[in-house]
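Working notes for the structure below.
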Amino acid sequence: DDGGIEDWGNGLYRCWAVWTTDAVDTTGQVLFYLADSDGDNVITRDGTANAFFWGAQFELGAFPSTHIPTTTVPATRDLDDFSTSDISWFTQDQGSSWYSRHEKRGGLEINSWVFWLGSLSDYYGGGSNFAGTAHQARAFVTTGDDGQVAAGTLSLDTEHQMAFGHELNDLTLYLDGASQGQDTTTGYPQVAGQSLHIGDDSNGSNEWNGLIKEIRSYDGRLDNDALQAMSNGQFPSEYGAFVSDLARDLVRDAVRDATA
């Protein structure tokens, strides 16, 4: 159903795959090959190089979690919980953010936050919102209740990418390559001395349930072409380097079992 290869540096790669079974799938095999390209597992060997396969892990879910050391006995992981008081990356008067996420389930709380910076009255962040039967992407740059966009359509167990930029009287949101609107009442959130929270708000509420694949922050209000491209997984060099990689591969499942 899905899969990927992530370069972890120093010659190490994380390979993963997601598939769906049905009632007749009572046995099966998972095979690892070296390959030259998709579908081509016949390679030319040099006689000296070698490959090391380590850390095989099986778990239920639509996305892979962080690695859990196991043997033959399933292990239960806790959710990843992160907050920091280092907010030196944040520029109050203008900035841009991008994130990629899977939501496992929703509806238990009206709002679910991917990230939140600030207090309960002044904050900057993004997540999802359940408004009646609508499941929407949501961005806030707010003092009080000003500066918010909630729009688009989200699906559970599906990767969505969101990018938004802000400056005075401007909060513009893109979701999966499409514009979701603009709010022209944006102020400057007073977040000095506050903390960044990943997966909930400053009160530990409105918890995210699922995978937060990555969050990036950019210095300055990127133009709409850049926001659109980033929300579609494209990061041309002319957009500049992100000033902070706030989080990567955080799993906010309260309970998840894995076995080798």
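Starting from 1, each residue takes its place in the sequence as its number.
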By side chain to side chain contact (heavy atoms under 4.5 Å, CB included), which residues pair with Asn203, not counting sequence neighbours? Leu120, Asp201, Ser205
Interatomic spacing from CD1 in Ile43 to CG in Leu34 - rounded to 0.5 Å: 4.5 Å
Side chain to side chain contact (heavy atoms under 4.5 Å, CB included) partners of Ser195, counting only residues at least two apart: Ser85, His197
Applying side chain to side chain contact (heavy atoms under 4.5 Å, CB included), can you list everything that pairs with Ser231, at least two apart in sequence or on another chain? Ala163, Tyr174
Decide whether Thr91 and Asp219 meet the rule of one side-chain donor and one side-chain acceptor closer than 3.5 Å. yes
Co-membership, hydrophobic cluster, residues Phe58 and Phe53, 4.5 Å side-chain: yes
Heavy-atom closest contact (Ser202 atom, Ser119 atom, distance): OG-C, 3.6 Å
As a quick check of understanding, evaluate side chain to side chain donor-acceptor pair (under 3.5 Å) for Asp183 and Thr185, giving each step before the final call. CA-CA 6 Å; Asp183 190 303; Thr185 62; 2.5 Å; yes
Reported CG-to-NE2 distance for the pair Leu173 and His166, which is rounded to 0.5 angstrom: 14.0 Å
Residue list, side chain to side chain contact (heavy atoms under 4.5 Å, CB included) with Thr153, at least two apart or on another chain: none
Not counting sequence neighbours, which residues clear ring-ring contact (aromatic ring centres under 6.0 Å, His included) with Trp116? List them please. Trp113, Tyr123
Atom pair CH2/CD1 of Trp208 and Ile198 - distance to nearest 0.5 Å: 12.0 Å
Can you pull the salt bridge (charged side-chain N to carboxylate O under 4.0 Å, His left out) pairs that have at least one residue in residues 158-181, sequence neighbours excluded? Glu159-Lys213, Asp170-Arg221
Worked verdict on Ser97 versus Ile215 for side-chain contact (heavy atoms from CB on, under 4.5 Å): CA-CA 7 Å; Ser97 291; Ile215 307 171; 5.6 Å; no
More than 12 heavy atoms from other groups under 6.0 Å of CG on Asn10: no
Hey, what do you get for CE (Met230) to CZ (Phe164), rounding to the nearest 0.5 Å? 10.0 Å
Judged by atom type as modelled, is there a donor-acceptor pair below 3.5 Å linking the side chain of Gln94 to the main-chain atoms of Gly220? no
Per the side chain to side chain contact (heavy atoms under 4.5 Å, CB included) rule, which among Leu171, Val141, Thr186 passes with Val149? Leu171
Determine the minimum heavy-atom distance between Asn224 and Thr172, stating which atoms define it. OD1-CG2, 3.8 Å
Let me confirm one number: the NE2-CG distance from His160 to Leu154, rounded to the nearest 0.5 Å. 5.0 Å
State, yes or no, whether a side-chain contact exists between Asp93 and Leu168 at a heavy-atom distance under 4.5 Å. no
For the residue pair Gly233 and Gln161, what are the closest heavy atoms and their distance? CA-OE1, 3.4 Å
Looking at every heavy atom in both Asp200 and Glu207, which two are closest together, and how far apart are they? CB-CG, 4.0 Å
What is the distance from atom OH of Tyr124 to atom CD1 of Ile87, rounded to the nearest 0.5 Å? 12.0 Å
Do Asp86 side-chain atoms and Ser88 backbone N/O form a donor-acceptor pair below 3.5 Å? yes
Heavy atoms of Tyr99 and Gly127 approach each other most closely as OH-N, 3.1 Å
Residue pair Gln228 / Gln234, side-chain heavy-atom distance below 4.5 Å: no
Joint hydrophobic cluster, Trp19 plus Ile5, side-chain heavy atoms closer than 4.5 Å: no
With a 4.5 Å limit on heavy-atom distance, are the side chains of Ile212 and Glu214 in contact? no
Provide the closest heavy-atom pair for Gln136 versus Ala151 in the form atom of the first, atom of the second, distance. CB-O, 3.4 Å
Do the ring centers of Trp98 and Phe235 come within less than 6.0 Å of each other? yes
